[in-house]
Amino acid sequence: MLTLPTYDDVCAAAQRIQGHAHRTPVMTSRTINQELGAQLFFKCENLQRMGAFKFRGAFNALSRFDARQRRAGVVTFSSGNHAQGIALSASLLGIPATIVMPQDAPASKIAATRGYGGNVVLYDRYKDDREQIGRDLAQKHGLTLIPPYDHPDVMAGQGTAAKELFEEVGPLDAFFVCLGGGGLLSGSALATRALAPHCKLYGVEPEAGNDGQQSFRSGAIVHIETPKTIADGAQTQHLGNLTFPIIRRDVDDILTVTDAQLVECMRFFAERMKIVVEPTGCLGFAAARNMKTDLRGQRVGVLISGGNVDLDRFCALLSASAP
Ligand SMILES: *Cc1c(COP(=O)(O)O)cnc(C)c1O
């Protein structure tokens with residue numbers, strides 16, 4: 001039986017990934033500070049190794065494998081970034097990796113996963129049960145399954161980004177974090193409650209897939225069909241059995257944003273801050289921008305979760321919404 005991670009686990013994870021993960025920069029923008037009348041701090045996990053925070057949780061989880069697990073290898077299922085995080089971490093640690101990925105995942109993510117040496121198995125995200133495929137492979141070949149979010153070592157690893165942010169900028173009044181299955185949000189919640197107990201903490205989902213919001217407000221995990229949204233890293237159908245109790249306990253609210261708002265943020269990041277952010281990575285900023293006057297005079301953290309987007313897709317999204 002797996003138990004809920006604590007802030008001590010986040011600290012242990014921070015030691016394990018030190019020297020392997022980047023300590024990513026915190027960026028600011030005078031333009032956005034003026035627009036919102038607030039002071040924003042962007043934690044740039046789009047500049048993390050393999051382009052997203054997922055490297056943190058994956059490396060932490062694989063670092064804890066014993067000798068038998070290392071020899072047999074790891075298997076996982078993922079819509080992309082977790083796959084790359086596992087594949088890269090596994091290659092750094094000399095562990096064989098099998099990755100179950102949706103066949104319509106961005107081509108850059110599939111190619112990058114293969115490039116890191118991962119053995120990729122494709123499935124249909126609207127028909128197949130990826131968790132079942134992963135479990136079958138694990139059983140047949142003695143592999144250890146590391147799921148994308150509902151695992152204590154993954155959650156603790158993801159929490160190290162928020163820990164670094166608070167250590168660098170000090171206490172915040174509000175903090176906006178992208179939400180898919182809740183690995184990033186639950187880990188960030190552990191760090192937030194330890195380092196800035198009075199900070200308002202918000203999880204942010206695509207409007208088309210607000211299962212997290214429904215779950216948070218009803219008190220039970222709500223399952224939905226795979227949502228149709230450009231935020232492919234947040235196309236999860238439900239929160240996890242481990243992520244949900246921490247989110248319910250430590251998060252202040254779950255907010256939603258539209259795909260159009262995400263594209264506007266992609267444009268802002270590229271044009272004004274000179275950074276490429278994938279649609280899912282814009283969730284936190286889109287919600288902060290929406291809150292407008294409510295943030296006036298506050299110190300606000302925004303977690304930019306990733307930057308992996310095919311450049312052709314990036315351009316297509318921007319030109320379709322050209323002002
Ligand atoms: C996985 C992912 C998320 C969502 O993280 P969860 O831990 O599943 O909530 C957000 N943004 C990006 C870029 C991701 O890869």
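One-based numbering, in listed order, for ligands and for the atoms of each. Positions are given from 1, in the same order as the sequence printed here.
At under 3.5 Å, not a single nitrogen or oxygen of C178, backbone or side chain, sits near a nitrogen or oxygen of ligand 1. At under 3.5 Å, not a single nitrogen or oxygen of T280, backbone or side chain, sits near a nitrogen or oxygen of ligand 1. Between N81 and ligand 1, at least one N/O pair is under 3.5 Å apart. Among the atoms of G180, some N or O lies under 3.5 angstrom from an N or O of ligand 1. An N or O contact shorter than 3.5 Å is missing between T236 and ligand 1 by distance. Between P148 and ligand 1, a contact under 3.5 Å exists for no N or O pair.
You'll find the ring centres of F285 and F176 outside the 6.0 Å limit. Between F166 and F175, the gap from one ring centroid to the other is short of 6.0 Å.
Proximity to G233 (heavy-atom distance under 4.0 Å) selects the following atoms of ligand 1: 1 (C), 2 (C), 3 (C), 4 (C). Residue S305 approaches ligand 1 through these ligand atoms, each under 4.0 Å from one of its heavy atoms: 10 (C), 11 (N), 12 (C), 13 (C). Listed by atom number, the atoms of ligand 1 under 4.0 Å from G183 heavy atoms are 6 (P), 7 (O), 9 (O). Heavy-atom proximity to F53, at under 4.0 Å, picks out these atoms of ligand 1: 1 (C), 2 (C), 3 (C), 5 (O), 10 (C), 11 (N), 12 (C), 14 (C). Heavy-atom contacts of G306 reach the following atoms of ligand 1: 13 (C) (cutoff under 4.0 Å).
The 12-atom threshold is exceeded at CD of E167, counting heavy atoms of other residues, nucleotides or ligands nearer than 6.0 Å.
With salt bridges taken as basic N to acidic carboxylate O contacts below 4.0 Å, none links E35 and R30. In summary, E164 and R56 engage in a salt bridge, as defined by a charged side-chain N under 4.0 Å from a carboxylate O. Of the charged side-chain nitrogens involved, at least one lies within less than 4.0 Å of a carboxylate oxygen, so that R217 and D253 count as a salt-bridged pair.
With G182, G187, G281, A52 as candidates, the residue nearest to atom 6 (P) of ligand 1 on a non-hydrogen basis is G182.
Note on ligand 1: E278 sits in its first shell, one or more heavy atoms being nearer than 4.0 Å.
Between L283 and A234, the shortest heavy-atom distance links the atoms CD1-CB, 4.1 Å.
At distances below 3.5 Å, at least one donor-acceptor pair connects side-chain atoms of D124 with backbone N or O atoms of Y126.
Contact annotation for H82 and ligand 1: no heavy atom of the residue comes within less than 4.0 Å of the ligand.
Distance check, rounded to the nearest 0.5 Å: CD of Q84 to CZ of R49 gives 12.5 Å.
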